[in-house]
Amino acid sequence: YRDEFNRGKMMKTRKSNAIRHVVDDVIDTLAYLWMRYTQAIVALNWGTFFIGSLVCMIGGAMLQFAGLVVWLVLISLLVKCFSRENKQSDFVEMNAGSVKEDEQT
């Protein structure tokens with residue numbers, strides 16, 4: 001029992017743990033996607049947001065993903081309500097930075 005515990009402890013602390021690197025990459029990717037999603041939602045004006053939400057809810061109901069789409073719309077609404085006021089300029093600056101990086105490579 002102790003040997004198994006010690007082996008597990010070594011797996012957690014070993015620097016060349018491939019699974020840990022994969023998990024770290026997945027977490028970093030999810031954090032990046034969440035950041036991009038929230039910035040895109042914040043940059044939308046309210047009319048576009050409500051029309052997009054309505055289209056998503058209709059499409060989700062047709063595909064029988066109504067519960068998932070309702071949660072997505074509610075989370076998006078909360079993000080939009082509790083965001084900063086200087087929203088559109090941040091999204092435009094972020095996209096301009098990514099275009100400049102693409103042009104340099």
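Values below: all heavy atoms of this structure, side chains included; hydrogens, waters and symmetry mates excluded.
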Asker: Would you compute the distance between atom CD1 of I75 and atom CD1 of I41 and round it to the nearest 0.5 angstrom?
Answerer: 11.0 Å

Asker: Minimum heavy-atom separation for L44 to F49, with atom names?
Answerer: CD1-CA, 4.4 Å

Asker: Does anything in residues 65-76 pair up under side-chain hydrogen bond (donor to acceptor under 3.5 Å, both in side chains), and if so which pairs, sequence neighbours excluded?
Answerer: Y37-S76

Asker: Sequence neighbours excluded, which residues qualify as side chain to side chain contact (heavy atoms under 4.5 Å, CB included) partners of I58?
Answerer: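 With sequence neighbours excluded, I58 shows a side chain to side chain contact (heavy atoms under 4.5 Å, CB included) to L54, M62, given in chain and number order.
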
Asker: Cluster question for you: counting only ILVMFWY and a side-chain heavy-atom cut-off of under 4.5 Å, with indirect links fine, are I27 and I19 together?
Answerer: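 They do share one cluster, since a chain of ILVMFWY contacts under 4.5 Å joins I27 to I19.
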
Asker: Check ring-ring contact (aromatic ring centres under 6.0 Å, His included) between F65 and all other residues, then give those that pass, not counting sequence neighbours.
Answerer: none

Asker: If two hydrophobic side chains count as joined below 4.5 Å and joins carry through other members, does W34 share a cluster with L30?
Answerer: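 No.
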
Asker: Provide the closest heavy-atom pair for M57 versus V70 in the form atom of the first, atom of the second, distance.
Answerer: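 That closest heavy-atom pairing would be CE-CG2, 3.8 Å.
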
Asker: According to a hydrophobic-cluster definition based on side-chain heavy atoms being under 4.5 Å apart (Ile, Leu, Val, Met, Phe, Trp, Tyr only), do L72 and L63 belong together?
Answerer: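 No.
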
Asker: I'd like to check the side chain to side chain donor-acceptor pair (under 3.5 Å) partners of T38; sequence neighbours left out, ordered by chain and number.
Answerer: none

Asker: To the nearest 0.5 angstrom, please state how far the CG atom of L33 sits from the CG atom of D28.
Answerer: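 It comes to 11.0 Å.
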
Asker: How close do A66 and A61 get, heavy atom to heavy atom, and via which atoms?
Answerer: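 Minimum heavy-atom separation between A66 and A61: CB-CA, 4.3 Å.
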
Asker: Please collect all side-chain hydrogen bond (donor to acceptor under 3.5 Å, both in side chains) contacts where either partner lies in residues 50-61, sequence neighbours excluded, each pair once.
Answerer: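 Residue pairs with at least one partner in residues 50-61: there are none.
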
Asker: Enumerate the side-chain hydrogen bond (donor to acceptor under 3.5 Å, both in side chains) contacts for residues 54-65, please, sequence neighbours excluded, ordered by first and then second residue.
Answerer: none

Asker: Taking only residues two or more places apart in sequence, or in another chain, which ones meet F82 in a side chain to side chain contact (heavy atoms under 4.5 Å, CB included)?
Answerer: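 With sequence neighbours excluded, F82 shows a side chain to side chain contact (heavy atoms under 4.5 Å, CB included) to L78, given in chain and number order.
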
Asker: Sequence neighbours left out, what passes side chain to side chain donor-acceptor pair (under 3.5 Å) with T29? Give chain and number order.
Answerer: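 T29 satisfies side chain to side chain donor-acceptor pair (under 3.5 Å) with no other residue.
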
Asker: Compare every heavy atom of V42 with every heavy atom of S83, then report the nearest pair and how far apart it is.
Answerer: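 Answer, listing the atom of S83 first, then V42: CB-CG2, 3.5 Å.
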
